[in-house]
Amino acid sequence: MTELLEPRAIGRDMVRRDGEAKVRGTATYAIETPVEDPAYAHPVQATVARGRVTAVDTSAAEALDGVLVVLTPSTAERLASVEDREYAVLQSDEVDFRGQVVALVVAETSEVARQAADAVRITYAEQPHDSTLAVDRDDLYAPEQVNAGHETDTAQGDVAAAMATAHATVEQTYTTAMYHNNPLEPHATTALWDPAADVPLTLWDSTQGVHPSRSAVCGVFGLEEEQVRVVCPFVGGGFGSKGNAHAHVMLATMAARAVPGRPVKLGLTRQQMFTLVGYRTPTIQKLQVAADRTGRLQAIAIDVVEQTSRIKEYAEQTGVPTRMMYASPNRRTTHRLAALDVPVPSWMRAPGECPGMFGPEVALDELADTLGIDPVELRIRNEPGVDPETGKPWSSRNLVQCLREGARRFGWADRPPPLHREGAWLVGTGVASSVYPTMRQATSTAVIRYEDGRYVAEIGAADLGTGAWTVLPQIAADALGVDAEDVEVRIGDTRYPVASVAGGSSGTNTWGSALVVAAREFRTKFGHAPADGDEASGDVDQASTDEDHSAYAFGAQFAEVRVHADTGEIRVPRLYGVFGAGRIINPRTARSQFLGGMTMGLSMALHENSVWDDRIGQVAKHDLAEYHVSVNADVGDMQAHWLDEHDPYVNAMGSKGVGEIGIVGTAAAVVNAVHRATGVRVRDLPVTLDRLLPALP
Amino acid sequence: MKPFAFARPGDVAEAVRTVAAEPAAVFLGGGTNLVDLLKLGVARPDRVVDVRRLTSREITDTDDGGLRIGAAVTNSELAADPRVRERWPVLAQALLAGATGQLRNLATVGGNPLQRTRCVYFTDVSTPCNKREPGSGCSAVGGYTRYHAVLGVPAALPDASAPETCIATHPSDMAVALAVLDARVQVLGPGGARTIPFAELHRLPGDDPSRDTVLEHGELVTAIDLPPLPAGARSAYRKVRDRASYAFALVSVAAVVAGGEVRLALGGVAHRPWRATRAEEVLRGGPPTADAVRGAMAAELAAAQPQPGIDGGNGFKIPLVTRTVVATVRDLTSGVPA
Ligand SMILES: Cc1cc2nc3c(=O)[nH]c(=O)nc-3n(C[C@H](O)[C@H](O)[C@H](O)COP(=O)(O)OP(=O)(O)OC[C@H]3O[C@@H](n4cnc5c(N)ncnc54)[C@H](O)[C@@H]3O)c2cc1C
Ligand code: SF4
């Protein structure tokens, strides 16, 4: 048990501290960093999916006025470490995926850099590539573990036996598409290498973590941490794609080291973001669900097939939520990977839970249909008393309350019958559950100092547009027992103490915990009348921990879908989410996170789809006119609500993290509503109108 | 991206002379399409000639009861014109169904019908494309064809490596409305002025997919003439797309119902806005009941060639465009507001 902070600033709807600068356009993003006399770098990308670079002709590029240097596999510096092959840029003539960077131009202007990049002539010895994900490949393998350190496979009881004898079963395959994170701000790095300076390398990088970014660069270039500073005050979204540094950060660094003393800007184009900054793997999910007459699950199993790249393994933990979501005596989860000639997949908002709650939550809807049980009720009947995976009690679990509260707000009890028609529209409603683990990272330190009559808290945290600038002062204020206005928080710079990545919805939990430790330390040392310059620090690992409970946030999402009877066009006029996510630090920023997640889930349901062209080994779409994300007109009455949840086990704030849970389950709720409206069960995302045409009146 | 010279001549004649004199010179309207293509390296002109302030930005009444629309009129201005909204609603609706408010504020009447295809291989210079690089082949055949043509393509599966193959669609919404309205295009070229019936402006790929229209190099669109519709005519534009807004058409229908006559043009189905003359002919025989329209569309689509491809191909366009035409004509004839 943790002693929860007495909420005074916490829980208040406070305006975003970075809001005004962003609205006025004065917030500087990485590419806009005001540096003197910048040069510009532009990558040249491979046009074959597998092979070898046999010749690079840079003469035409180098002949252009304003070209400073062209880096190629034969001219680029040798890196200290090439172990991570995503980062081992320009180190060999191997081409591992189409779009991989095979040369880099540095020039006086971005226009010349681009022109020169076009003028670099590359000759390839092309080899046949293999980029087709399929469930029946004979080279699928079990990774040692899956993302976030989870076990690859788990099994309990006998699923096959339960499937053979159960009253009702569902056995279906569901697929989610490949998705690209596509934050609004393209990935960018401004880099300065000044060998004579105390800190020779400075990177202004758009990142979800300045310290993780620094570690990656230090490893690759063999630099000491003291030699590198990473700065990132503002990020225009990341959704996981800025959680790890990607190849362009190494390229920007390399470019800067090639023109010492000269800052270099490298901004990826939207097109380049489709190959160089990660994506969510497509998933194939084979579900088996068995239940007795009353709907109680007898078995639940998910066998996942997904992809990774040949050069670097990333194993999305898609099967993980099935391990703990519902009670069932027999269960199985497996993950198998195909290592393909494809770009390196990575994190995208709620890795694991987001795709992994699609198949199961649609399968439950199918089961509810088969049994004639209301899908809300079916979920309630399978509520586990303790975590089925670990046997531990829950720190708090309010899924049932979320379902009931959501049903009440949505008017679920009075929902229209299947295949209901109103005018030109077929109307259906659907529900699905959401879940996201409550995490806290092991490293993060905060310093609190009394300065000019105010408290200054420093921690190298990142605000992706999520609210860290605003909620961290609220936490520090309550921990210090002062007003939030009296606390200034400084983040986004490796000059401040080490902080973990803004990922896994763990930022507030982690950095907030470090702040609380620092604040308590400060009060212990200096009492309530500190002197100017008094300073204390706190580490997250000094915060009390709880190993005895399973900690997750839960939620329920309800969708109303309308399908046009003439054309099959799909609209979602209502989407309601109710969440039990611990204590909400700031309702304004939290609501944005929930709604943002739900919108992205809606987008996954209806629009997003990185169509893979396996003939050439690349995504066919490469800009936002083609890669559709939901637009304002697609979003109707979208509401996020939360329970007043008190969880004494998670951390001193009582917070569970709200950044990711909103995207979990949404697509299933929409698909389930489409089924009710049209009778068509879509098991492969996205749901598009052509899938519904055959069933229209 | 390649450097180019930028010119802003004093009048249209000089603009025409400037472009005509240089094989790799192009006109610039609002730039919403051309500038993207410049950045992507798809358009590689030596000279860009800005005509936006040279052509007329006026919409004037003509003697026959129609309108003359200057080429520099923006898409927003045209859509908001009360005469257009009242007498040619199909045009206003088509404009408003296109792009976004910001883009429409920039896009011009001259530039809109001349925007290039949105074929994903056309805009990716790393892939073969006959339209962008004549003779290189067509990457779309057997590829991502969701937004590609079903009409006006050869009967057999097109040969991806043949230099004449192109299964792209024309993306403009406005052009579909102009096709159904029998608009005329006023053109000024190095050899003088001429008028082109709108339905003849765009071409099928034929043996040269790099050419979208019949315009010769150096020919400038100066205005578009809109003839009056018969008294009592009703018209509507119905666009079906993958999201609620800000998306190109999967299929679209521009329809005019006047007395016993039904006029139809289809978007998203061919290399040019597709005037459905066959269907119109069939419907001339009697009242446009749902069955009659369905039959007429069957005749129109008899030669359609759904394109297979990754992500399911585009065969759905056949039932989709049929259903959309049936619904649009139904709403126009039953008095339901479109
Ligand atoms: C993200 C996005 C979404 C869009 N969605 C839609 C949509 O849903 N529906 C739709 O219809 N359109 C859509 N558009 C396209 C938009 O309508 C066109 O880009 C616009 O109409 C082009 O007009 P412009 O004046 O900007 O042309 P420009 O880009 O200036 O020129 C286009 C072409 O016309 C030539 N040209 C321009 N003016 C003349 C002239 N007077 N005489 C001869 N040649 C000329 C140019 O050389 C160029 O080849 C979209 C565009 C974008 C970027
Ligand atoms: S369809 Fe036309 S535009 Fe598209 S790749 Fe083929 S030739 Fe090029």
Side-chain angles (χ1 to χ4, degrees), chain A residues 42 45-48 64-65 98-99 110-115 117-119 177 269 271 424 564-572 603 606-607 609 611-616 618-636 684 686 688-694 696, chain B residues 1-3 36 38-41 44 99-100 103 118-121 123-128 139-147 160 171 238-248 250-251 253 309-328 330-331 336:
Chain A
H42 197 80
Q45 295 179 275
T47 56
V48 301
L64 289 172
D65 238 13
R98 189 180 174 110
S110 75
E111 290 79 5
V112 172
R114 275 188 181 211
Q115 186 193 359
D118 284 349
T269 63
Q271 286 76 16
H564 199 281
D566 290 326
T567 58
E569 290 158 294
I570 307 159
R571 300 288 181 263
V572 182
S603 200
L606 301 182
H607 302 129
N609 183 11
V611 173
W612 185 255
D613 191 339
D614 62 359
R615 303 169 309 161
I616 53 176
Q618 78 174 13
V619 179
K621 310 172 178 185
H622 32 64
D623 63 37
L624 294 181
E626 296 149 6
Y627 183 88
H628 285 176
V629 299
S630 296
V631 294
N632 201 34
D634 291 300
V635 176
D684 309 292
T688 48
L689 62 86
D690 46 300
R691 316 284 296 279
L692 308 181
L693 281 180
L696 295 182
Chain B
M1 190 146 83
K2 166 173 166 276
D36 278 357
L38 291 173
K39 288 196 277 189
L40 292 168
R44 305 177 62 81
T100 61
L103 285 159
R118 308 302 295 203
C119 170
V120 295
Y121 304 99
T123 52
D124 177 354
V125 297
S126 74
T127 55
S139 298
V141 172
Y144 181 54
T145 55
R146 186 171 180 81
Y147 286 87
R238 179 73 163 96
K239 176 178 181 181
V240 183
R241 43 191 153 175
D242 268 330
R243 61 182 169 191
S245 172
Y246 201 24
F248 289 92
L250 290 166
V251 304
V253 177
I310 53 178
D311 202 37
N314 70 7
F316 68 91
K317 287 190 177 184
I318 309 285
L320 181 60
V321 74
T322 303
R323 298 181 70 97
T324 309
V325 171
V326 170
T328 309
R330 177 198 66 210
D331 291 350
V336 176

Practice prompt. Name the region of R238(B), side chain, backbone, both or neither, that has any atom closer than 4.5 Å to a heavy atom of chain A.
Written response: side chain
Fill in: Interchain contact, K39(B) with chain A, by part (heavy-atom threshold 4.5 Å)
both
Portion of [X] that has a non-hydrogen atom of chain B nearer than 4.5 angstrom:
{"X": "V629(A)", "answer": "both"}
{"X": "A119(A)", "answer": "neither"}
{"X": "L692(A)", "answer": "neither"}

Residue, of [options], that accumulates the most heavy atom pairs under 4.5 Å with chain B:
{"options": "R615(A), R114(A), H607(A), E569(A)", "result": "R615(A)"}
{"options": "K621(A), Q45(A), R691(A), H628(A)", "result": "H628(A)"}
{"options": "Q271(A), R571(A), H564(A), E111(A)", "result": "R571(A)"}
{"options": "V611(A), T47(A), I570(A), L606(A)", "result": "V611(A)"}

Discussion item. Among residues at least two apart in sequence or on other chains, which ones pass side-chain hydrogen bond (donor to acceptor under 3.5 Å, both in side chains) with Q618(A)?
Written reply: R98(A), D124(B)
Of all of [options], which one pairs up most often with chain A through heavy atoms under 4.5 Å apart?
{"options": "V321(B), T123(B), V251(B)", "value": "T123(B)"}
{"options": "P319(B), G41(B), S139(B)", "value": "S139(B)"}
{"options": "A327(B), G315(B), G309(B), S126(B)", "value": "S126(B)"}

Gap separating the [atom1] atom of [X] from the [atom2] atom of [Y], nearest 0.5 angstrom:
{"X": "I616(A)", "Y": "Y121(B)", "atom1": "CD1", "atom2": "OH", "result": "5.5 Å"}
{"X": "L320(B)", "Y": "L696(A)", "atom1": "CG", "atom2": "CG", "result": "9.5 Å"}
{"X": "Y144(B)", "Y": "N609(A)", "atom1": "OH", "atom2": "CG", "result": "7.0 Å"}
{"X": "D690(A)", "Y": "K317(B)", "atom1": "CG", "atom2": "NZ", "result": "10.5 Å"}
{"X": "E626(A)", "Y": "R118(B)", "atom1": "CD", "atom2": "CZ", "result": "7.0 Å"}
{"X": "L689(A)", "Y": "R323(B)", "atom1": "CG", "atom2": "CZ", "result": "10.5 Å"}

Item to complete: Please name the pair of heavy atoms, one in A633(A) and one in A244(B), separated by the smallest distance, quoted to 0.1 Å.
Response: O-CB, 3.6 Å
Practice prompt. State, to 0.1 Å, how close I310(B) and W612(A) come at their nearest heavy-atom pair, and which atoms those are.
Written response: CD1-O, 3.6 Å
Discussion item. Within the 4.5 Å heavy-atom criterion, are R44(B) and D118(A) side-chain neighbours or not?
Written reply: yes
Worksheet item: Side chains of R243(B) and S630(A): closer than 4.5 Å at any heavy-atom pair?
Response: no
Fill in: NZ/NE/NH1/NH2 to OD/OE distance under 4.0 Å, D566(A) and R330(B)
yes
